[in-house]
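The structure under discussion appears below in the form of structure tokens.
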2 protein chains.
Amino acid sequence: MNAEAIKRSLESGGLRCTPQRYAVMAFLTECKRHPTAAEIFEAVNRVDPRSSRATTYNNLRDLVQAGLVREVAVEGRAARFDAKGMRHHHFICDRCGNVEDIEWYNVRRPASRSLGKRILRECELIFRGLCIKCAQRRASG
Amino acid sequence: MNAEAIKRSLESGGLRCTPQRYAVMAFLTECKRHPTAAEIFEAVNRVDPRSSRATTYNNLRDLVQAGLVREVAVEGRAARFDAKGMRHHHFICDRCGNVEDIEWYNVRRPASRSLGKRILRECELIFRGLCIKCAQRRASG
DNA sequence: GAACAGTCTGGAATATATCTAATGTGACAT
DNA sequence: ATGTCACATTAGATATATTCCAGACTGTTC
């Protein structure tokens, strides 16, 4: 996604394209992992426009509310974020806690009986086990 | 689950049955929600055996390691816990953040191509949308 | 160019989790 | 019954993650 596209997507979410907000969105868009707020803060400050911690958190909140960014459900201490590009599921390593993407596929909805009057928006899968590195380490260790 | 059963399950996990540990396990077993560590701490101290915060955290860690308790993957600040009784999926409300159980059903595994050399232990579904209360509030509001 | 809404900032405050060092407890060999 | 060992617990200090706050800045509109 190029600069113009990021700018447009921010505006489509009703958000001004400020340098700090742009930097957060640009980093999330190009980042393959699922960075924590602290990592995003550090990354956008490695290059130019300085951004305070509070601003980084504010912008992440705004981006999530605007639906441009997803907060990933993991059980670690720090929240992790993810630009809403291609849909994917998540694999969480039991050993090292890393979160990796798994190719998207559709999932069977629950029976409407167990869903009741809830309004369902999306289903996401969380896989658990050992990531490739940890699986190898266990096998050879 | 009665007292004896809890005691046995602790010992089967290689854990001594101390009053504090028992209290945590007993509360999680009877609790229908998915309490945070702070809620568990408060609950086990409402009745008798006082337990310190550190002990509550230690015991939760031990119980998770022993496989008796699950740490639920949600995106809130505080970790949430769940006695591993009946398997279930989770529904997280977009509006109020409550975590509710959805009846278990088996989920199609990902293609082995996208899984690679990872070792898969379990798959869990996370549904998002509006819980019954919030759905009604929106409809009438 | 004044007023305004939205944004940014550093630092303080809060929430959450872990560490530390001292102490307590039960099992068991002596 | 005593000493010892491993495991548990405790209060308080510390670390980490997030939010709040009050003031300053910016771009737009009248």
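Chain letters run A, B, ... following the sequence lines, proteins first and then strands; every chain starts at 1. Note that the structure is predicted; figures quoted are calculated from it, not measured.
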- Task: May I have the step-by-step check of side-chain contact (heavy atoms from CB on, under 4.5 Å) for A/Leu10 and A/Arg21, ending in yes or no?
- Result: CA-CA 9 Å; A/Leu10 287 176; A/Arg21 195 171 281 152; 4.1 Å; yes
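Between B/Ile102 and A/Ser114, the shortest heavy-atom distance links the atoms CD1-O, 3.9 Å.
No hydrogens or angles considered: a donor-acceptor pair under 3.5 Å links the side chains of A/His90 and A/Glu124.
Regarding A/Ile40, its CD1 atom lies at a distance of 13 Å from the P atom of D/dA17, rounded to whole Å. Atom CZ in A/Phe41 sits roughly 15 Å away from atom P in D/dT19 (whole-Å rounding). Counting to the nearest Å, the P atom of D/dA17 and the CZ atom of A/Phe81 are 12 Å from each other. Atom-to-atom, CG of B/Leu63 to P of D/dA8 comes out at 11 Å; the value is rounded to the nearest Å.
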- For nucleotides 6-21 of chain C, 5' to 3', base contacts (B), sugar-phosphate-only contacts (S) and non-contacts (-) with protein non-hydrogen atoms under 4.0 Å give SSSBB----SSBBB--
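When atom types are taken as modelled, the side chain of A/Tyr105 and the backbone of B/Arg108 share a donor-acceptor pair closer than 3.5 angstrom.
Exactly one residue among B/Thr36, B/Asp82, B/Ile92 makes a side chain to side chain contact (heavy atoms under 4.5 Å, CB included) with B/Val72. That residue is B/Asp82. Considering B/His89, B/Arg33, B/His34, B/Lys32 in turn, B/His34 is the only one that fulfils the side chain to side chain contact (heavy atoms under 4.5 Å, CB included) rule with B/Asp101.
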